[in-house]
Every structure is written in C-alpha cells, then in structure tokens.
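A short worksheet on the structure shown next.
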Amino acid sequence: MLDRALENLQRINPVGVTAFVLAGFITYGARYITTVVLKVPNHKAFKVMVVLKVLGVLIGLFGLYTFIG
C-alpha cells in the first residue's frame, strides 16, 4: 500500500501544484495585492480585486486540469 501511495505522489504534475498555490495566493491576497502592491485608489480597488479574484480562479482551473491530466 505504501508503494502505491509513493507511485501516486510521483505522478503528480508539479505545474498543476504550482498553479494551485499561485491561484491561492492571488485569490486570497487580492485585497493586499490591490492596496499595498499595486497602490490602487480606493474608488477603483473593487474592480481590481474582482479582476484578481477571477484571474486566480482561472489559474486554479488551469492547475486542476493539468493536475488531473
């Protein structure tokens, strides 16, 4: 059983895992990225946060498809 688990771990696509991690940071850190990193004014911050969150979801979907395939 341990050998099967090790075989499954070896088959994991590192690009998919990297995409998942990047998507998590972008999606959950959208407010921090908007206010601190990009220094967007408050009246435009909501639109930028929404774009970042959508980008994070798309990267996560890419990671899902490369992770599975």
Side-chain angles (χ1 to χ4, degrees):
M1 180 159 167
L2 186 59
D3 55 342
R4 285 179 57 189
L6 184 59
E7 181 182 326
N8 287 338
L9 284 175
Q10 289 175 343
R11 286 189 295 143
I12 290 176
N13 189 354
V15 175
V17 174
T18 306
F20 273 138
V21 171
L22 183 65
F25 279 121
I26 290 175
T27 304
Y28 292 116
R31 179 174 294 174
Y32 179 79
I33 293 170
T34 302
T35 56
V36 177
V37 177
L38 298 177
K39 295 182 176 129
V40 176
N42 287 336
H43 63 280
K44 293 183 181 181
F46 180 74
K47 291 180 183 179
V48 175
M49 280 191 295
V50 169
V51 168
L52 284 173
K53 286 183 182 277
V54 169
L55 179 67
V57 169
L58 291 176
I59 292 172
L61 286 175
F62 170 74
L64 177 68
Y65 288 128
T66 59
F67 190 72
I68 290 175

> Are side-chain heavy atoms of V48 and L52 found at a separation under 4.5 Å?
Replying inline: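 A side-chain contact exists here, since the closest heavy-atom pair is under 4.5 Å.
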Least distance between heavy atoms, A19 atom then G63 atom
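Heavy atoms only, the tightest pair is CB-CA, 3.6 Å.
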Heavy-atom closest pair, residues G56 and A23: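 Taking G56 first and A23 second, the nearest heavy atoms are O-CB, 3.1 Å.
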Indicate if L55 and F25 have the same hydrophobic cluster label, given that clusters are the connected sets of ILVMFWY residues with side-chain heavy-atom separations under 4.5 angstrom.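 As far as the 4.5 Å side-chain criterion goes, F25 and L55 are not connected within one cluster.
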**Request:** Decide whether I12 and V21 are clustered together by the hydrophobic rule: side chain heavy atoms of Ile, Leu, Val, Met, Phe, Trp, Tyr closer than 4.5 Å, transitively.
**Result:**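 No; V21 is not reachable from I12 via cluster members.
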Worksheet entry | Value rounded to 0.5 Å, distance of OG1 in T34 from NZ in K53 |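 One gets 9.0 Å once the value is rounded to the nearest 0.5 Å.
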ILVMFWY clustering at 4.5 Å (side-chain atoms), partners of [X]:
X	value
V15	F62
V51	none
M49	none

Are more than 12 heavy atoms, taken from residues, nucleotides or ligands other than D3, located less than 6.0 Å from that residue's CG atom?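 Buried by this count: over 12 neighbours within 6.0 Å.
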Report task. May I have all residue pairs that pass ring pair (Phe, Tyr, Trp, His ring centres under 6.0 Å) and include part of residues 26-57, sequence neighbours excluded? Result ->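 Passing the test, one end in residues 26-57: no pairs.
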### Message
Holding to side chain to side chain contact (heavy atoms under 4.5 Å, CB included), I want the full list of residues that pass it with L22, two or more places apart in sequence or in another chain.
### Response
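For L22 the side chain to side chain contact (heavy atoms under 4.5 Å, CB included) partners, ignoring immediate neighbours, are I26, I59.
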Query raised in the report: Under 3.5 Å, side chain of T27 to main-chain N/O of G24, donor-acceptor pair present?
Result: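 The answer is no, because no donor-acceptor pair under 3.5 Å joins these two groups.
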For this session: Not counting sequence neighbours, which residues clear side-chain hydrogen bond (donor to acceptor under 3.5 Å, both in side chains) with R4? List them please.
Result: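 R4 satisfies side-chain hydrogen bond (donor to acceptor under 3.5 Å, both in side chains) with no residue once adjacent residues are dropped.
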